[in-house]
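Everything below concerns the one structure shown next.
Letters go in sequence order (proteins before strands), and every chain restarts at 1. Bear in mind that the values here come from a model prediction, so they are computed numbers and not experimental data.
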Amino acid sequence: MPPMPPVPPPLCLKGVRTRLAVPTACFSTSAARFANPPPKRKGTVAPPKRGTRTLNVKKGKSGFTQDTGKRPVQGERRAQRKRIVLTNDNALEVPSLKDLSRSNALDAANEGRVMGFPADVVDALRAVDAFKPTQGWSLFRRPAALMRKETMQLVGLMKEVEGAAKDGQQRKTIRRVLSGDRMSGKSTLLLQGLAVATLRGWVVVNLPDAQDIVNAHTDYAPLPKSSPPQYTQDTYTANLLHQILKANGAILEGISVTTNPKLPLPLPANPTLKNLVELGMVNPEVSWPVFTALWQELLQPGRPPVMLAIDGLSHIMRESEYMSAEFTPIHAHDLTLVRHFVDHLSGQKSLPNGGVVLAATSRSNAPTSPALDHCVKVAEALQNSPDNLPRWDLYRNVDGRVMEVLKGLQDPKTTDLDVIQAGGLTKEEARSIIEYYAESGMLRHQVDDGFVAEKWSLAGMGNIGELERASVRLRM
Amino acid sequence: MAQRELSKGLWAAAECLRSAPRPRCEQSIRCARRTFFPPTTRCFATTPARRVGNDNTQVLEPFNAAPPIDFSKPGKKESKNGLLRTLRVVPASPSYFSAKPTFNDDIVNLTALLRKFATLPTISNAEAPKVAWKTVDQYRIMTNEPVKTQRFHKMLHIVRRLNCIHPQLMPEEVTQAMLRYKKASQPGDQVPAPGVIDEWGRARGVGRRKTSSAVAFLVEGEGQVLVNGQSLATFFARLHHRESAVWALKVTHRLDKYNLFALVSGGGTTGQAEAMTLAVAKALLVHEPALKPALRRAGCITRDPRKVERKKAGHLKARKMPTWVKR
């Protein structure tokens with residue numbers, strides 16, 4: 001290899017090139033490699049502090065992707081989502097609004113009127129989580145609801161339950177599933193049932209959202225000596241006992257424990273039901289035995305009727321999100337609380353002091369439960385067009401346990417299980433509720449027949465949720 | 001001698017053309033003595049004029065044409081000009097030697113008509129019956145003459161003036177003459193079959209928008225609405241779409257007077273809702289035809305013809321071009 005010719009320095013080369021204009025190429029890169037690293041540019045500044053605004057629209061590595069937003073406190077978003085606002089100071093007080101009371105709650109003359117809920121009932125309903133955040137309670141001065149045809153049907157059933165007591169025989173247990181279109185007022189109907197029950201001095205047990213029972217957000221444990229295995233949810237049950245106590249405190253305080261329940265923890269002397277519930281409330285590990293003991297107490301003769309209700313029925317008509325020890329999904333009916341409710345819904349257990357078991361279906365938050373859908377459709381068809389009953393699609397997988405539970409829906413005469421269809425309002429009912437909107441100042445329009453008819457049609461033949469949306473929420 | 005004959009004939013023709021609007025003076029020169037053809041059968045253009053429309057019924061100025069050539073009659077053999085004497089030297093039309101003989105004749109005839117009926121009472125142009133006149137292109141094709149647009153419009157001006165004659169006094173002659181300038185099909189010629197209310201009391205209407213189509217059945221009732229068997233609120237989640245669907249009823253305050261059943265298909269929700277607007281309006285017109293102006297003002301009569309524009313080759317979308325890159 002011949003020795004390399006000496007390389008002139010770059011400056012020299014540049015001079016030569018400019019002077020002679022002869023193109024020469026530099027074959028070595030060593031000078032550049034051994035040169036000192038280039039100094040950092042003077043103009044650069046430190047990257048902006050976190051939280052300062054910078055305009056950098058680039059994406060990827062070179063982009064400024066740090067999140068400058070302030071994180072919400074833990075639980076803040078959930079609280080925001082679940083917040084129940086029951087009053088609107090800007091809405092007007094409606095002078096003609098009458099309250100429901102113990103005496104007029106079962107009155108058939110209330111039909112088609114908007115009735116307010118008294119304050120103690122509102123507290124009780126709030127305690128059992130009967131108000132839902134999506135309902136329009138925050139639009140009006142105070143909670144009130146229209147006593148519609150279906151409400152009067154439900155109230156009539158409760159009257160029937162109370163009335164049977166006079167004969168001295170066992171009172172009736174009435175079981176109803178609330179069905180209907182989306183926003184047709186199923187949950188509000190349930191709430192009205194709970195309100196009337198509270199007013200009439202019933203014991204109100206409400207499972208506010210079936211989704212919370214089965215979505216595996218609370219702890220669970222196998223129930224000892226159960227076969228096939230059942231699972232208790234201690235925290236959830238303790239919370240439920242807390243809600244029961246808040247809603248029915250006065251009633252429970254007045255009843256003393258007569259059976260001698262075997263509990264792992266001692267009860268105080270001369271215990272009332274309130275003491276019993278408090279025991280389960282503060283000790284979640286005994287909450288399930290306490291709940292069963294409480295239920296036993298409520299079944300004793302001379303006790304008030306019971307209102308047992310659930311919202312979002314289709315969640316408990318399928319497999320739950322919980323897993324068994326074999327890592328198979330636990331069927332919702334194997335959870336003790338669900339089992340308890342479902343036994344009463346199916347008629348396997350009854351309430352000797354009378355009572356109503358209410359289950360509201362949902363259209364917006366409803367996992368598929370073909371068996372439930374089918375049974376409800378059959379029951380609706382039995383009421384609407386008995387000659388044309390829907391048939392089970394043989395190519396769908398049937399959930400046998402659900403079918404077994406809801407068997408009664410296909411034969412409402414013998415078993416007292418039926419559906420209440422929350423349909424559209426009549427025009428008179430629509431007029432009544434629209435007048436209430438107008439009196440509250442939330443609807444600024446003259447309420448006449450034409451206006452009512454227009455809203456009624458646009459709301460899909462009197463769907464009450466759509467009616468509220470069209471006349472109050474979406475004001476132009 | 002023959003040349004003199006010919007030039008005389010030409011001069012006479014020119015004279016006829018020039019003096020046409022004026023009252024006819026006595027002819028001092030020798031020209032054709034008799035009218036051979038009835039004026040209705042005159043056809044004299046040098047170019048083969050197409051017999052379009054109502055050519056044979058036009059009203060013409062009285063004009064004396066030369067007799068046709070009769071070759072069967074033997075000419076005088078002794079004279080060199082014997083054959084020429086048998087020829088027709090004055091053409092059938094005074095416009096024969098002009099560039100646009102048919103057009104000129106039309107103008108002459110129309111002017112004569114107008115002069116004849118100028119004293120008849122008229123109505124205003126707005127009240128006159130609506131007529132679709134032939135366009136200049138159609139007229140050019142009919143006459144096969146290079147008529148200037150401006151001249152044609154001047155002629156149409158006369159025709160429009162004739163059209164303004166009071167309809168009760170409109171002479172048959174004018175009606176016949178105007179036929180030549182009317183389009184073959186007039187607005188209002190095609191009347192759609194009137195809608196019928198069937199035995200169940202239903203009126204049917206069809207509407208379309210974008211790619212959706214809707215059929216609406218309207219019966220008297222109390223305001224129930226079903227779309228594809230579902231309630232309005234179930235089918236259209238947006239309130240705006242619901243209002244669009246029953247807009248024809250809402251705007252005429254008929255929402256609580258009728259029950260509506262609709263079948264919609266194709267497209268998206270907006271298209272379906274606005275297809276229903278048209279369908280409902282048409283069905284409503286069957287029940288109450290007098291609502292048409294109100295519905296037109298509400299925009300329920302006219303079909304919106306806009307559709308998705310097709311994608312073109314070389315474009316990324318219908319109009320979008322790829323980014324321009326140097327090399």
Side-chain angles (χ1 to χ4, degrees), chain A residues 134 136 179-186 361-364 366 373 377 380-381 384-385 388 390 421-431 433-434 437 443 445-476, chain B residues 205 214 216-264 269-270 272-274 276-277 279-281 283-284 287-288 291 294-295 298 300:
Chain A
T134 51
S179 72
D181 280 340
R182 193 166 164 264
M183 298 175 87
S184 62
K186 301 177 289 292
T361 56
S362 170
R363 278 292 172 91
S364 49
D373 290 348
K377 258 183 212 159
E380 282 176 352
N384 301 334
S385 54
N388 188 15
Q421 300 179 58
L425 303 181
T426 62
K427 286 217 173 141
E428 292 76 37
E429 287 167 346
R431 186 177 186 116
I433 191 84
I434 287 178
Y437 296 153
L443 172 71
H445 198 281
Q446 191 181 0
V447 180
D448 51 11
D449 278 342
F451 181 77
V452 172
E454 179 200 316
K455 293 294 176 200
W456 184 84
S457 289
L458 286 181
M461 294 184 267
N463 185 317
I464 186 166
E466 297 286 353
L467 201 65
E468 186 188 88
R469 232 174 89 182
S471 48
V472 179
R473 293 190 183 218
L474 299 177
R475 278 183 306 167
M476 304 303 165
Chain B
F217 298 93
L218 210 60
V219 292
E220 290 183 18
E222 65 271 9
Q224 297 174 3
V225 182
L226 283 181
V227 186
N228 285 1
Q230 291 169 291
S231 78
L232 193 61
T234 321
F235 195 82
F236 292 119
R238 275 189 75 196
L239 189 64
H240 183 88
H241 288 157
R242 281 179 229 161
E243 291 204 349
S244 292
V246 295
W247 180 243
L249 293 171
K250 192 183 167 185
V251 81
T252 50
H253 304 290
R254 297 292 190 281
L255 202 47
D256 52 344
K257 308 274 193 301
Y258 293 98
N259 284 355
L260 171 65
F261 310 93
L263 299 173
V264 295
T269 45
T270 307
Q272 291 184 335
E274 290 176 13
M276 266 190 74
T277 313
V280 173
L284 182 59
H287 281 285
E288 299 179 60
L291 288 178
L295 288 174
C300 302

With sequence neighbours excluded, what pairs up with Arg363(A) under the salt bridge (Lys or Arg N to Asp or Glu O under 4.0 Å) test?
->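 For Arg363(A), the residues satisfying salt bridge (Lys or Arg N to Asp or Glu O under 4.0 Å) (neighbours in sequence not counted) are Asp181(A).
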
Residues in salt bridge (Lys or Arg N to Asp or Glu O under 4.0 Å) with Lys427(A), at least two apart?
->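 Listed in chain order: nothing, the list is empty.
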
Do Thr234(B) and Arg182(A) have side-chain heavy atoms sitting under 4.5 Å apart?
->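 The answer is no, as the side chains (C-beta and beyond) never meet within the 4.5 Å cut-off.
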
Quick one: which residues of residues 218-233 of chain B reach chain A at under 4.5 angstrom, heavy atoms only?
->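 Within residues 218-233 of chain B, near chain A: Glu222(B), Gly223(B), Gln224(B), Val225(B), Leu226(B), Ser231(B), Leu232(B), Ala233(B).
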
Under the ring pair (Phe, Tyr, Trp, His ring centres under 6.0 Å) test, residues paired with His241(B) that sit two or more places apart =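 Counting only residues at least two positions away or on another chain, His241(B) forms no ring pair (Phe, Tyr, Trp, His ring centres under 6.0 Å).
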
Got a second to check how far Leu474(A)'s CG is from Arg238(B)'s CZ, nearest 0.5 Å?
->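 That separation rounds to 10.0 Å.
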
